[in-house]
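Heads up: the structure comes next, in structure tokens.
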Amino acid sequence: MSKGEVVLLDCWASPFCLRAKIALAEKGVEYEARAQNLFGGKSDLLLKSNPIYKKVPVLLHDGKPLCESTIIVNYIDETWPSPPLLPSCASERAKARFWSDFIDKKVFDAVCNIWKSKGEVPETAKNEFIEILKQLEGALGEKDFFGGDSFGFVDVIAIPLTCWFYAVEKFGGFKVENECPKFSAWMNKCMQRDSVARILPDPEKVYEFVITLRNMFGIE
């Protein structure tokens with residue numbers, strides 16, 4: 001169910017844009033995705049809508065811009081409350097926000113430390129990435145999803161980042177499935193959802209995109 005015009009300024013490979021797409025899909029909200037050329041000159045609409053950071057995603061709801069992916073997902077959950085992504089219990093909501101903040105601060109930086117490495121990836125970079133996933137495994141416990149039996153807020157924040165993991169594995173020479181089997185099982189459960197499977201890009205295409213980025217940055 002929609003409430004006014006919804007437009008997403010988007011980049012197909014951005015895990016942060018994918019968060020907004022999955023959240024909108026979970027809510028059944030129709031929207032227009034406008035792809036942005038982030039390397040060949042950013043659009044006037046993007047620069048006007050996000051003058052501080054000048055990056056995607058930007059959600060335009062009835063022309064009003066919202067920036068930063070976790071803030072956008074939270075806005076989507078509040079604006080279209082059914083089905084809820086955050087738990088009804090205040091303490092569980094706080095816990096979900098804690099782990100979302102942890103993911104925001106840790107995971108993509110660890111991903112970038114691996115694919116941006118020149119030559120052989122340092123063991124410290126690989127170990128840091130694996131340790132972060134093990135900490136997330138601890139948060140999962142024996143649950144199917146971070147919030148329990150239902151796909152929720154933290155899952156929306158975390159799962160888009162995993163489409164970059166194939167590139168991490170290729171450059172790092174390891175398998176997430178071997179190092180963090182519980183996290184890998186969670187990834188597979190998420191991929192069984194239509195909102196995830198339909199929206200996440202092919203990891204091999206993301207790997208090719210990362211190779212392009214490495215060439216742009218002069219990384220060999």
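Computation of the quantities below employed the complete heavy-atom set of this structure, encompassing side-chain atoms and omitting hydrogens, waters and symmetry-equivalent molecules.
- Other residues, nucleotides and ligands contribute more than 12 heavy atoms inside 6.0 Å of the CZ atom of Phe39.
- Surrounding CG of Asp149 are at most 12 heavy atoms belonging to other residues, nucleotides or ligands under 6.0 Å away.
- When all heavy atoms of Ala25 and Ser195 are compared, the pair lying nearest together is CB-CB, 3.9 Å.
- In this structure, Val206 is a member of the same hydrophobic cluster as Ile211, with clusters built from ILVMFWY side-chain heavy atoms closer than 4.5 Å.
- Note on Leu66 and Val156: separate hydrophobic clusters, where clusters join Ile, Leu, Val, Met, Phe, Trp and Tyr whose side-chain heavy atoms are under 4.5 Å apart, directly or indirectly.
- Crowding of Lys143 atom NZ: a count of heavy atoms from other residues, nucleotides or ligands under 6.0 Å exceeding 12.
- Note: Phe16 and Phe108 meet the aromatic proximity criterion, with ring centroids under 6.0 Å apart.
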Derivation of the side-chain contact (heavy atoms from CB on, under 4.5 Å) call for Ile22 and Leu200: CA-CA 9 Å; Ile22 292 172; Leu200 288 197; 4.0 Å; yes
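- Enclosure of atom NZ in Lys189 by more than 12 non-hydrogen atoms of other residues, nucleotides or ligands within 6.0 angstrom is indicated.
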Derivation and outcome, side-chain contact (heavy atoms from CB on, under 4.5 Å), residues Lys116 and Ile219: CA-CA 7 Å; Lys116 287 183 177 180; Ile219 303 171; 4.1 Å; yes
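- Hydrophobic clustering (ILVMFWY, side-chain heavy atoms < 4.5 Å, transitive): Val196 and Trp164 are in one cluster.
- A side-chain donor from one of Asn74 and Glu78 sits under 3.5 Å from a side-chain acceptor of the other.
- In this pair, Phe217 and Trp115 present their aromatic rings parallel. The plane angle is below 30°, not in the 30 to 60° band.
- Other residues, nucleotides and ligands contribute more than 12 heavy atoms inside 6.0 Å of the CG atom of Asn215.
- Applying the 6.0 Å contact sphere to CD of Glu32 captures more than 12 heavy atoms from other residues, nucleotides or ligands.
- Transitive grouping of hydrophobic side chains (ILVMFWY, heavy atoms separated by less than 4.5 Å) brings Ile157 and Phe98 into a common cluster.
- Here Phe153 and Trp99 keep their ring centres 6.0 angstrom or further from each other.
- Scanning both residues, Leu8 and Lys21, for their nearest heavy atoms gives CD2-CG, 3.6 Å.
- Hydrophobic clustering (side-chain heavy atoms under 4.5 Å, transitive across Ile, Leu, Val, Met, Phe, Trp, Tyr) groups Phe209 together with Val111.
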Verdict with reasoning, Trp186 to Asp155, per side-chain hydrogen bond (donor to acceptor under 3.5 Å, both in side chains): CA-CA 9 Å; Trp186 165 81; Asp155 305 292; 2.8 Å; yes
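- In this structure, Asp77 contributes its side chain and Leu86 its backbone to a donor-acceptor pair below 3.5 Å.
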Trace of the side-chain contact (heavy atoms from CB on, under 4.5 Å) decision for Val176 with Phe129: CA-CA 10 Å; Val176 170; Phe129 175 78; 4.1 Å; yes
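- Residue Lys182 places its NZ atom among more than 12 non-hydrogen atoms of other residues, nucleotides or ligands, all under 6.0 Å distant.
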